[in-house]
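So that the names make sense, note that chain A is the first sequence line, chain B the second, and so on, each numbered from 1. Because the structure is a prediction, the values reported are computed rather than measured.
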Amino acid sequence: MRDAEPEITTRAATRGSQSAAHENGLVGAPACTADQALVAAPPQQVLRRIVVCGDTHGQFFDLANIFKLNGLPSAENPYLFNGDFVDRGSWSVEVITTLLAFLVHDPRCMHLVRGNHESRNMNKIYGFEGEVRHKYSEHVFELFEELFQTLPLGYLIEGQSKKRALVVHGGLFSRDGVKLDALLRLDRFVEPPSAGLLSELLWSDPQKENGWGMSKRGVGVSFGPDVTKRFLDDNQLTLLIRSHEMKDDGYEVEADGRLITIFSAPNYCDQMGNRGAYVRLKPDMEPEIVPFDAVEHPTDVRPMMYASVGGGLFGLA
Amino acid sequence: MGPADSCSGDDTELLESVLGPVQRTCYDAWLSKCLAARYGYFDDPYIAQLNPLNGALKGTETSWSCPRRRSGHYAGSNTGAWASTTSRTFCGTRQVQGSHLPDKHEDTQRAPSLARSYQVDPVLLHGTYARVVALRRIVVSVLNMFWQMPHERSKALAVQVLSIGAGMDSLPFWLLAKETKTWTQTLDVGRTSDRKQEQLQRRQLRYDELDMEEVAMLKTACIQRHEALARAIQAPGHHEIRASSSRGSSPDSLCAENMANEGVSCVSPHQVTREARVLVETPVYGLTAVDLGRGRDAINAALKHTRRHQCVSGGPRCTLILLECILAYLSPNDTAELFEVLREHFCDHPAVVVCYDPIDLSDQFGRHMRARLEERGAPLLGLNCTVNLKQAIRNLELLFVPDAAPHSHGRGLDMMQVYKRLLEDPSERSRLDRILVLDENEELALLMHHYGLIWVGNTHVGPLNLLGDTQ
């Protein structure tokens, strides 16, 4: 019986996801051309479970390890990657094309959210442009930038008892009263601006103190646990899952369990010595967090190899 | 498998033929400072002209000319303006034989890496910003302190900055030009009180740099090529360079023969001694080539020469010694010898030594960094490389003031603390944010905690609180 089988549904929180689930809960694709449908309007889905991963930042060998630990992506074992697939790590091309390959192979097995590094300005500085130009061409780089603009800004995951989680890369906003509707109406086919809802979605960080504070990054805002709770309650959400910040254990739970930061790039930049982690969600919507360690990778490729000027520049000699 | 454009490969190959691996770090330092200046992290009108590659390339005169001019785009025929004694390039800047090209031409010709200005690690930019700005502030603070020290009115107070292993640093030009400007401005004000005028008249600043011969030669070549550099250090006859360009005079007017002709009394720049050789000499600036690895005799000889000016005046002296990323590459023995010589020369008057070096490299990050530098042939040998900040301060304190009680003369900060101090000013913070977004701070913090800025005053100075409260 269908009711006996617990289910969770996902819906990309993005303008253009117009599909309505059929009564039996199967996937319904919107009426548009095939290639647009894959990304512009991901189908609403009903799933047994989903694994949410955070930043991967070009660390291909660690990505492969995630699939080894938790299984390859498939319709029964779908993944959601919460942005920042590229830059910093020097296998960014391999990471993003792997994720895209799964997406094209079966849109039910792979979901991608846009991070602040899925943008031209960041890619120019943090290595992705250099890497694409080296491995392919400027034209291919332009194609990636076009693709990044189509990525959803977030996902809604709904489980039993109307428990809903919102997954966005950065965080929340510099004011109260923001509704999901407003996010749905954002024009995402842009280079992220330096202020406004879209930039805050991609750049903000939670803070320990209530209220708001200046972002340590110069873009976005710092928002306190009270802001988180008000936003979630206002929008009938149980949980916010976000990434964007490295954590020593790969994750951090804040705001009395209503905010999870998940970060999946262990030993970040070959230096930080942190663990990575991912979140397993089942229909009961109790998050199960799984940390994991870095694996080895070829040493002749170092982080930001395609970004640093001068090649030999290391530190502040 | 490396980056597609081997710009860095080209640069490295060229420098490899001229400089040893430790000396080559002057290029890294120069590049990061040049880029940070270009991005606007600080003002530096001189750094771009100090490109060591310019010095390394030995081309004919025509190879220095504006590329557009060479390729015939230069519209030479139709106006009288082109017929003036000073020629103009297509881009409209005045070109003087042997003088510098506009930056953008220079960049695309000589340092392709600079042209690809989008590929820069913002962490390094911020780190370089902190280093340059902090050092400037420290130097200015210490010099101000020196000038305010009580001394006999009748005698001029001779203040010297001595930079050892200076590389392609632009600080002398920046500082000396600033001094000249301050003095000129005071004169311009007109009615200055006699006392203030007198004080300023007494204010003499001399900047001496020491470095390995190969590096010092590159710097000399840059000074010879660029009028702005020569002007900043009051090279005699720099006006003559400009005015006489149409007569095709040699750009080498800084060599001793020419200077002697201009009536500046100085020692001939040929071998002062076997170990030290003066390459540039002006009333306010000196550049001496010396091999720091050749022990105390070499350094002694070089220092004796730089003191010559002060000995002549016979008045009170103060000295600020700069060691910017030098001790890191010197073995503990060499360091001890160096400080022995410094003590001998500077113990009888107020002196402060300021050191910037990597520290605390015993963790994973540090091992990684040390391995990389070893691969490059520039291993970190310094006695402070693997100790924490407190110990590093203590080590330098004992080297400069052997019987000092702990923390009586030495102070220091790690560069993350320095960076945070600099950014306490919110307008500075937002200024930096507007230039290039720093994605997150963890990487910067990791890097910067492994660099220390340490200063020690000798017994005539006592403890110094620079950059705010320090530990």
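Chain A forms more heavy-atom pairs under 4.5 Å with one residue of B:E440, B:E324, B:H450 than with any other, namely B:E440. Per-residue heavy-atom pair counts under 4.5 Å with chain B were compared for A:G218, A:C269, A:S90, A:S194, and the maximum is reached by A:G218.
A:N267 touches chain B through its side chain: at least one heavy atom from C-beta onward sits under 4.5 Å away, while N, CA, C and O do not. Looking at A:N116, only its side chain comes within 4.5 Å of chain B, counting heavy atoms on both sides. When heavy atoms are compared at a cutoff of 4.5 Å, B:E443 approaches chain A by way of both its backbone and its side chain. With a threshold of 4.5 angstrom between heavy atoms, B:R434 does not approach chain A through any atom at all. Only the side chain of B:L436 comes within less than 4.5 Å of a heavy atom of chain A; its backbone N, CA, C and O stay farther away. Neither the backbone nor the side chain of B:M415 comes within less than 4.5 Å of any heavy atom of chain A.
Taking CG of B:D433 as the start and CZ of A:R217 as the end, the distance is 12.0 Å to the nearest 0.5 Å.
Applying a 4.5 Å heavy-atom cutoff, the residues of residues 199-215 of chain A that approach chain B are A:W203, A:M214, A:S215.
Listed here is the closest heavy atom pair of B:D439 and A:H117: OD2-NE2, 2.8 Å. Heavy-atom minimum distance, B:E442 versus A:M246: OE2-O, 3.8 Å.
Within a 6.0 Å radius of OH in A:Y278, more than 12 heavy atoms belonging to other residues, nucleotides or ligands are found. When the shell of 6.0 Å around NZ of A:K216 is examined, it contains more than 12 heavy atoms from other residues, nucleotides or ligands.
Taking the side chain as every heavy atom from C-beta outward, B:Q364 and A:Q271 never approach each other to under 4.5 Å.
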